[in-house]
Structure formats: structure tokens, C-alpha cells
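Report on the structure given below.
Model, not experiment: these values are computed from the prediction. So you know, we letter chains A, B, ... as the sequences are listed, proteins then strands, and number each from 1.
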Amino acid sequence: MKLTLKIWRQKNAQAKGKFETYTVEANEHMSFLEMLDVLNEELVNQKKEPVAFEHDCREGICGACSLVINGQPHGPMNGTTTCQVHMRHYKDGDTIVIEPYRAKAFPVMKDLVVDRSAFDRIIQAGGFISVNTGQAQDANAIPVDHDVASSAFDAATCIGCGACVAACPNASAMLFTSAKVAHLNMLPQGKVEAQQRVLNMVKQMDIEGFGRCSNITACEAECPKGISVTNIARMNREYLGASLGSEKTA
Amino acid sequence: MSWFTKFITSSLGQKLVMSLTGLFLILFLCVHLYGNMQLYKGDEGYAYNLFSHFMTHNPVIEGIAYLLYAFILLHAIQGIALWVQNRRARGGQGYAVKVTRTTNTNSFASRNMAFLGLLILVFLGIHMGDFWWKVKFGTTPMVTYEGEDYQNLYALVESSFRIGWIVALYVLSMVGLFFHLLHGFQSAFQTLGINHKKYTPVIRFLGWVYSIIVPLLFASMPIYYYFFK
Ligand code: SF4
Ligand code: FES
């Protein structure tokens, strides 16, 4: 199949970018990223600069691949990362517009690559457990209700890809942050630092310049891992509880 | 900064301000609507004028009225501030192809809360100039019931709702209010942290019912007076 690609090209973080149009010959068995590999091979052969895009595992688990494809982060299918989108979902003659994530907290570094280190700093602010949790426990030694374990696991499936920010009209990072807060705060080992965790992570999220959630739910619609906005409600109430309830006055 | 300032100026704190003031305004609309329904009594404004007299002369209600003005301002100012911050967070360069899918709220309403809110704010300015200002500072016609003088607010209503553009503005604003509430009602609960398997479906349903019924009844009044009186 012959495809027309409109791709955002930008030399570096300072440069002004613009769309360039390319044509590429792909087949339906290729993944989206393989299709871009084909394009890049051609560009290299023509002694042109290949298109920079991020990828790592290519099996939907690392969250490195990003890309906004025809206006949707991770492309047209629900619950799928860019690397798992296959060309069978496109047909001969299609035009595909490929843009980087757009958010002030995710500045474009080059072409389709954005700097997502803001997420790392949110994790550094509280996405860990620093109390001693002892040796690896025997199975069921720590009682955790089955539903709680499932919800915590669902939250833990967030791969930190940032599609929630890219999709949100407010560029809010609430879905990501709330998933990380929920995942740790629901489990016994995480409960010890629960209040401080939510306060610190929200604070860092604000410092990074992400927007304020207005419950549009575009994040939930585009999240490749189906992270639910119920996590945001949980974070709202934990933040409220921690702010009003904790004894810390400063 | 004190813990409270930190809390209330954080992203989540600001959202909480929107949620709480919004819920208060939702309650207020019920009271306002109850008053307006007196117009349909068919008694040439007797019940309506008595009710508005009560609402403007009871000291407790007057106290609450000042709270209401403060909350309206707070809701508007905080809303605009959030809108500005969110635009900034989005950054200068927008998407060439725009798609916003949502999962469980009205996409148009949720994306345009600020504009819908501004429409309602402009409406509120005109509406308050039309009634509130005249009652408080202007001259209203008077009417006598059982030997006592009352401000004849009913006469104001009748004369205002005879003017075509006012009727059009009121109806348009109520359409705006419908969309604003459609997202705002349930959004207020989500922001409060209430998202629950048992209660959220009920909240959503109530939100729908409220967003349709309340603006519809408000809009029915100018329409009734313009076309059928
Ligand atoms: S919440 Fe979903 S969209 Fe956001 S970073 Fe995690 S996996 Fe990606
Ligand atoms: S490359 Fe790892 S999730 Fe796509």
C-alpha cells in the first residue's frame, strides 16, 4: 500500500518545526513503527536526516513509543500503544498525519521525540516505598483483599507513556500521577507513606507545569492501558484528606 | 505559605474551589427556580411579589445572598484563572489534527466549560442589571396588597419579557447553562473524590435530569411571556 505521511520535523528543541510530506510503500503486516523504519531507511539512502521517534520494547510494555497519529495519541485503536498498531488498519492511498505530543511540560527535543522527564521527577517525588518491607514475603503472608489487589494492579499497569497528557485539552498529568498514587497507596507497604506521597507527587506535578484536570476524560479514552479516571477521584480525596487531615502545618 | 494557602492554590485545591462553589450555585438555582415558578400561579404576580419580598427582606437570606455573590465571583475568577493556566500548560503549538474523545462526559460541554461559563457570566450581568439593580437601587413600580406596599417585580418581569432580544438572550443562555451543568454537575462530584460504583450512576442520572429540567423551566418563562401573554 502507498501512504502519504505528513510528519512534524524539528531540528532541535530551539528550532521552529514544520510538517514535511513523504510517501512510503508499506504492507499490511508491518507495525506502524516498522513502516516508519522503512521510511527512515529510504531517507538514509537518500542521504537525508531520518525521522526521530522513540521506541524500545515494541511490544506495548515500556511506554517509550509516543506519536500522535491523526490526532490520537497511540493511534486509532483502543488499548493499544503505537508500536502495536499495525498497518492493516490503513488502506492504500491513506494520508497519515504524525505529530509529537504537545504539552508545555513535554518539550519537543527533535522531530517526534519529546522530553518526558517531568514524569520521572513526579515519580522521584513519591512513587516509591522507602520503609523497610522486609524479605520477600511468603504468599498471602500479608493479607490484601482481592478487589484491592486487583485495583492496585490495574493502576500499576500504567506504563508512563504520557498519552494522557497528550490527549488532555488541559495537558494535565492527573491520570498518570493518580495511577501511581493509587497503585502504591492501596497496598499495605505503601500505606505508611500514603499522605506524604500524594502531597509530594501532586506538588511536583504542579511544579512541572501540567494543566489542571477538568474531568474531560480524554485521558481515559486514549490511555493504552485503560487506566480509569476513578484513580483521579481517589487522588482527589486522598489529597484532600492528607491536606486537611495530616498534622503537618507547613 | 501556610498549609492552607498551599492546599487551596494547588491544582487540586483550585479544582475543589470550583467544585464547592459550583455545588452551592446548583443549590441556589433550585431556590431561584422555586421563586420563578410562582409566576405560573396565574394570580397577576401576587405570590411572586410576596416571595420576592420575603427573599429581599429576610436578614438570614440577605446574609446568604452576599455569600452567593461572593461564590459567583469566586467561581468565575477561579474558572478564568484555571482556563489561563491550562492554556499555558498546553503550550503554543497545537495539534494539526484535533480529536477529543471522552469516555463518560459530554465532549462539547467538557471542552468548552470556560466559554459556556463566560456566556453565563455575561447573561448574569445583564440579568442582574435588569432585575436585581432595579430592585436594590432603582425605582420599581409598587403594588398594594391588603393595605401594604410591595415592590411590583412582576411588572418588571412582564415588561422585560416583552422585548425580543432579551427573550432570545435568556433562552440562549439557558442552552449554555444546560451544557455547563451537563458536565459541571457530575464533574463537581468527581473533583470531590466521589466516584463510586453505587453512587456515581445515581449522580450521573441526577445530573442529566437537573441539567435538562432546570434550564428548561427557566427558559420557559420568557418564552411564555413573549408568546402567550
Ligand atoms: S495513565 Fe495511561 S496514558 Fe497515562 S502514562 Fe499511564 S499508561 Fe500512559
Ligand atoms: S515501544 Fe515499548 S510500548 Fe511501544
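Of all the heavy atoms in Leu16(B) and Leu240(A), the pair that sits closest is CD2-CD1, 3.4 Å. For the pair Ser110(B) and Ile216(A), the tightest heavy-atom approach, listed with the atom from each and the gap, is OG-CG2, 3.5 Å. A pairwise comparison of heavy atoms in Arg212(A) and Ser11(B) identifies CG-CB, 3.7 Å as the closest pair. Considering every non-hydrogen atom in both Ala218(A) and Thr100(B), the closest pair reads CB-CG2, 3.9 Å. Residue Asn170(A) comes nearest to Ala89(B) through the heavy atom pair O-CB, 3.7 Å, listed as atom of the first residue, atom of the second, then distance.
For the atom pair NZ of Lys104(A) and CD of Gln93(B), the computed distance is 15.0 Å after rounding to the nearest 0.5 Å. Atoms CG and OG, from Asn86(B) and Ser214(A) in turn, are 6.0 Å apart once rounded to the nearest 0.5 Å. For the atom pair NZ of Lys15(B) and OH of Tyr239(A), the computed distance is 14.0 Å after rounding to the nearest 0.5 Å. Once rounded to the nearest 0.5 Å, the distance linking OG of Ser243(A) with CG of Leu12(B) reads 8.0 Å. The structure places CG of Leu199(A) at 10.0 Å from CZ of Phe7(B), a figure rounded to the nearest 0.5 Å. With rounding to the nearest 0.5 angstrom, the CZ atom of Phe4(B) is 8.0 Å from the CG atom of Leu244(A).
Residue Cys219(A) does not touch chain B at all, counting heavy-atom pairs closer than 4.5 Å. Residue contact with chain A, scored on non-hydrogen atoms closer than 4.5 Å, involves the backbone and the side chain of Thr102(B) alike. Contacts of Val229(A) with chain B are made by both backbone and side-chain atoms, with heavy-atom separations under 4.5 Å. For chain B, the nearby part of Met205(A) is the side chain; its heavy atoms alone come within less than 4.5 Å. Heavy atoms closer than 4.5 Å to chain B are found in the side chain of Phe19(A), but not in its backbone. Contacts between Pro107(A) and chain B at a heavy-atom distance below 4.5 Å are absent for every atom of the residue. With a 4.5 Å cut-off on non-hydrogen atoms, Ala166(A) touches chain B through its backbone and its side chain both. Contact annotation for Glu220(A): both backbone and side-chain heavy atoms come within less than 4.5 Å of a heavy atom of chain B.
Counting heavy-atom pairs closer than 4.5 Å to chain B, the top residue among Gly209(A), Cys168(A), Ala233(A), Ala167(A) is Ala233(A). Listed options Glu238(A), Arg237(A), Arg102(A) were ranked by heavy-atom pairs under 4.5 angstrom with chain B; first place goes to Arg102(A). Of the listed residues Arg111(B), Lys98(B), Arg90(B), the one with more heavy-atom pairs under 4.5 angstrom with chain A than any other is Arg90(B). When Cys213(A), Gly17(A), Ala105(A), Ser246(A) are compared by the number of non-hydrogen pairs under 4.5 Å with chain B, Cys213(A) comes out ahead.
Heavy-atom neighbours of Lys18(A) NZ from other residues, nucleotides or ligands within 6.0 Å: at or below the threshold of 12. For OH of Tyr69(B), the number of neighbouring non-hydrogen atoms (other residues, nucleotides, ligands) closer than 6.0 Å is greater than 12. Annotation: Phe108(B), atom CZ; neighbour count of heavy atoms from other residues, nucleotides and ligands within 6.0 Å is above 12. Annotation: Trp208(B), atom CH2; neighbour count of heavy atoms from other residues, nucleotides and ligands within 6.0 Å does not exceed 12. Atom NZ of Lys11(A) sits in a sparse spot, with 12 or fewer heavy atoms from other residues, nucleotides or ligands closer than 6.0 Å.
Looking at Lys197(B) and Thr230(A), their side chains never come closer than 4.5 Å, going by heavy atoms from C-beta outward. Contact of the Lys6(A) side chain with the Val97(B) side chain is not registered, since no non-hydrogen atoms from C-beta on lie closer than 4.5 Å. Put simply, the side chain of Lys203(A) does not reach to within 4.5 Å of the side chain of Lys6(B), judged on heavy atoms. You'll find the side chain of Tyr95(B) stays beyond 4.5 Å of the side chain of Val97(A), heavy atoms only.
Remark: of the listed residues Gln190(B), Met113(B), Gln186(B), Gln190(B) is the sole one forming a side-chain contact (heavy atoms from CB on, under 4.5 Å) with Asn215(A).
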